[in-house]
There are 2 protein chains.
Amino acid sequence: MGQVQQAVLPKTFEEYNEQRKASFLRVKDFKEAGGRLVGYLCSYTPLEVIDAAGAAAVGLCGTSNETVSIAETVLPSNLCPLIKSTFGFALADKCPFTYFSDLIVGETTCDGKKKMYELLADMKPVHVLHLPAGRTRELEAEQWRAEVRYFKEELERIFGITITDDDLRAAVRRRNRLRRAQTALFQVQRHVPAPLGGVEVMSTLAAGSFSFDIEEYAQKLEGLVEDAQKRAEAGFAPEGIAPGAKRILLTGCPSGGLINKVGRTIERNGGVIVCLDDCSGERTTCMEIDPDAPDILDAIADRYLDINCSVMTPNNGRMEHTCRQLDAYQVDGVIDVILTACHTFNIESTLMQRAVEDAGVPYMKVEVDYSEADMGQLETRLAAFIEML
Amino acid sequence: MGQVQQAVLPKTFEEYNEQRKASFLRVKDFKEAGGRLVGYLCSYTPLEVIDAAGAAAVGLCGTSNETVSIAETVLPSNLCPLIKSTFGFALADKCPFTYFSDLIVGETTCDGKKKMYELLADMKPVHVLHLPAGRTRELEAEQWRAEVRYFKEELERIFGITITDDDLRAAVRRRNRLRRAQTALFQVQRHVPAPLGGVEVMSTLAAGSFSFDIEEYAQKLEGLVEDAQKRAEAGFAPEGIAPGAKRILLTGCPSGGLINKVGRTIERNGGVIVCLDDCSGERTTCMEIDPDAPDILDAIADRYLDINCSVMTPNNGRMEHTCRQLDAYQVDGVIDVILTACHTFNIESTLMQRAVEDAGVPYMKVEVDYSEADMGQLETRLAAFIEML
């Protein structure tokens, strides 16, 4: 158990505001009570394996501009803000989850993260999952299964435990329940008018990635869905959103850092985000795992490799899924959000635009970072697009 | 043989200048005489397999700013100029080798190229090699061997031929001879003073990547090396380079598009490039293949996977090799050249800087594209660095 982090607060703790102090103390308490904490960034991380290790899996994707400038003392400035923000939180000891993680799980998804993890490993214990570049070769699935097996063994070694098949099957059942609740939350937005604001949905899901108790969180979501369904059946529209608001599908890069910058801007300019089509959206939550699969670890591995992300080549499944959503959610317009310098989503946007426009739906791409610098221009473009719908 | 390209000139041929027309006609003649042409971009492409298919392997990495703006009508502008230039040449039908290629071989090395090939496949027959993200997993080597086998089978299918082990062994012998000549050309620069200008070496090697005859080209290089060795022994320094010029190692991204912009600028400001440490440098040419290996195709695959490039994680071998070169070439300073938006080399530069400075050698990183826009600033920085050595 040599790598497990001690529950000592960072030297800069006293400089933090009350909210951040409270978060640090909450995670410190969790650690002192013997809690295991594993941070991760990407949808391809097989969370059931972390769950089965008795560890809390927390999402560490940086969503704030606050730590970008300190990250740029090490990383290039021409790099995705999510990567810089995440790295900056580690460098500045400003995120309690990053700080107290017993392990940070990276992956060879995009160039920026792949190489950032090499530098992160100077500061934190890091395990990098080697993800294949595609799914069209026989050995790619095989290699990924071996990779997930290796990950399980690493967790066993680090925590000095044994992960059983029963642990994995139980974790699968819990995650399936959570995914069903998330999917239901997305699908309630198929109603016209949508019963929830997209910003509300995004915020709810973002908060959930810091939850230590999956079942508690799933239960909370189930309650929310029930309320939303009642509202939908009664025909209520969310507060602050016009009844005739244009129905927007948001696709592209992870949008956790864009809830205000893009999400709120859309919804105060005549739009309502009815479909979240990024990697935490229905595209991935709809993928469940059979808890009774003959080889449960392989079943877990296979589920994750099936995720459609622009890091894969080819990745036609993403465009096909998005086009199905256009009908299911009665979408008026698609906004494809590219985080600055994200080459894979940026180049793939050509294929997304083609697919969406071929389906007869208007499309717009916006490239954004986490700063406020381009807010004026962004709002003008988003408002003009929505008005045109 | 359905995919083999016909020898028809592009519609825009008459608009080209005489030099470009001559190149197109030369390649057209080659095709009309039954020549097979396979284009490739990356050092990881197993050239012996292309050779053994009786095809000429030509490097298609774009090195000119001329086609960047047309590429930007499809690709993001915030992308590596090499990728944009290459894609632009295909889009504009301006490169005879791209235009007449029976096949273009891509690879899943960096995000930009990986996704660019998906769009290139709209215009040209493309085969993408799936390269693993590292060399630390057992199945990664296995998967790459299978990938090289699949590539051989694809070439057999496309050209309607059978590639024998004898073909492969003969190809290995030819490439080994060429690599030895290239390595000798690099190593002659270990002399003090260096007998050749770095720009001269870079230009010679760049021209060679369009050669249809490996042995002819190897022979030419061998002659050059012999002359250079005589000059070195007589203590001659190259024309236009001061006898006391500072000895520069050039590392980082492929430098074929930077011969003038970076190479000449270094050499007219008191430096001489004695060591080319990019992916066409001694780092890769020194890697030969045993032509008598029990499984020749596996031996070929293994040789290529051993190449150290920043797309691999981890990639410590690159820094270790560079540090050995510092002594062997009596290097005064290291210039790390990053093509704009190349995330892997850009992030890895932190590790390169650390390694070089730990070895007591001054280091400078420059980020450049293929345009003239930043020439003034670049020259000032390079001159100041060299003066400081």
Side-chain angles (χ1 to χ4, degrees), chain A residues 73-80 83 87 106-119 121-122 128-147 150 310-316 338 340-351 354 365 367, chain B residues 73-80 83 87 106-119 121-122 128-147 150 310-316 338 340-351 354 365 367:
Chain A
T73 63
V74 179
L75 294 174
S77 56
N78 186 17
L79 193 68
C80 151
I83 298 175
F87 187 80
E107 12 56 42
T108 62
T109 43
C110 67
D111 288 346
K113 279 195 285 172
K114 178 170 70 178
K115 299 304 281 186
M116 177 271 278
Y117 295 129
E118 294 178 9
L119 305 180
D122 281 350
V128 176
L129 299 162
H130 286 212
L131 189 76
R135 285 80 54 105
T136 51
R137 307 293 198 262
E138 214 176 306
L139 276 179
E140 287 180 326
E142 207 54 55
Q143 187 251 312
W144 177 243
R145 285 177 172 193
E147 192 64 25
Y150 177 48
S310 61
V311 299
M312 290 287 168
T313 190
N315 186 40
N316 302 327
I338 310 298
T340 308
C342 174
H343 296 331
T344 62
F345 275 106
N346 208 350
I347 298 176
E348 191 166 285
S349 70
T350 296
L351 301 176
R354 199 182 290 169
K365 174 169 96 167
E367 278 183 68
Chain B
T73 63
V74 179
L75 294 173
S77 55
N78 186 17
L79 193 68
C80 151
I83 298 174
F87 187 80
E107 13 54 42
T108 62
T109 43
C110 68
D111 288 347
K113 279 195 285 171
K114 178 170 70 178
K115 300 303 282 186
M116 177 272 277
Y117 295 129
E118 294 178 9
L119 305 181
D122 281 350
V128 176
L129 298 162
H130 286 212
L131 189 77
R135 285 80 55 106
T136 51
R137 307 293 197 263
E138 213 175 308
L139 276 179
E140 287 180 326
E142 207 54 55
Q143 187 250 312
W144 177 243
R145 286 177 171 193
E147 193 64 25
Y150 177 48
S310 61
V311 299
M312 289 288 168
T313 190
N315 186 41
N316 301 329
I338 310 298
T340 308
C342 174
H343 296 331
T344 62
F345 275 106
N346 208 351
I347 298 176
E348 191 166 284
S349 70
T350 296
L351 302 176
R354 200 182 290 168
K365 174 170 97 167
E367 278 183 68

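Every heavy atom of this structure was used, including side-chain atoms; hydrogens, water molecules and symmetry mates were not. Residue numbering restarts at 1 for every chain, and letters A, B, ... go by the order of the sequence lines.
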**Request:** Nearest 0.5 Å please: distance from the CD atom of A:E142 over to the CD atom of B:Q143.
**Result:** 11.5 Å
**Message:** Nearest 0.5 angstrom please: A:T350 OG1 to B:L119 CG, how far?
**Reply:** 5.0 Å
**Item:** Side chain, backbone, both or neither of B:T313 within contact of chain A (heavy atoms, under 4.5 Å)
**Value:** both
**Asked** Distance from B:T108 atom OG1 to A:M312 atom CE, nearest 0.5 Å?
**Response** 10.5 Å
**Request:** Examine whether an atom of B:R145 lies under 4.5 Å from a heavy atom of chain A, and if so say whether it belongs to the side chain, the backbone or both; otherwise answer neither.
**Result:** neither
**Asked** Who among A:P132, A:S310, A:G112, A:A146 has the most heavy-atom pairs with chain B under 4.5 Å?
**Response** A:S310
**Request:** I would like to know whether A:I347 and B:K114 meet side-chain contact (heavy atoms from CB on, under 4.5 Å); could you show each step before the answer?
**Result:** CA-CA 10 Å; A:I347 298 176; B:K114 178 170 70 178; over 6 Å; no
**Asked** Does the pair B:E147 and A:L139 meet the rule for a side-chain contact (heavy atoms from CB on, under 4.5 Å), with working shown?
**Response** CA-CA 9 Å; B:E147 193 64 25; A:L139 276 179; over 6 Å; no
**Message:** Below 4.5 Å, heavy-atom pairs only: which of B:M116, B:E140, B:E138, B:K365 has the largest tally toward chain A?
**Reply:** B:E140
**Item:** A:D111 side chain to B:C110 backbone, donor-acceptor under 3.5 Å
**Value:** no
**Message:** Is B:T109 in contact with chain A via its backbone, its side chain, both, or neither, using a 4.5 Å heavy-atom distance?
**Reply:** backbone
**Message:** What I want to check is whether the side chains of B:N78 and A:N78 have a donor and an acceptor closer together than 3.5 Å.
**Reply:** yes
**Message:** Show the nearest heavy-atom pair for residues B:H130 and A:T136, with the distance to one decimal.
**Reply:** CE1-OG1, 3.5 Å
**Any donor-acceptor pair under 3.5 Å from B:K115 side chain to A:F345 backbone** = no
**Complete:** If one checks every heavy atom of B:Y117 against chain A at 4.5 Å, the contacting part turns out to be neither
**Check: A:H343 side chain, B:A341 main-chain N or O, donor-acceptor pair, under 3.5 Å** = yes
**Asked** Any idea which heavy atoms bring B:E118 and A:L351 closest together, and the distance?
**Response** OE1-CD1, 3.5 Å
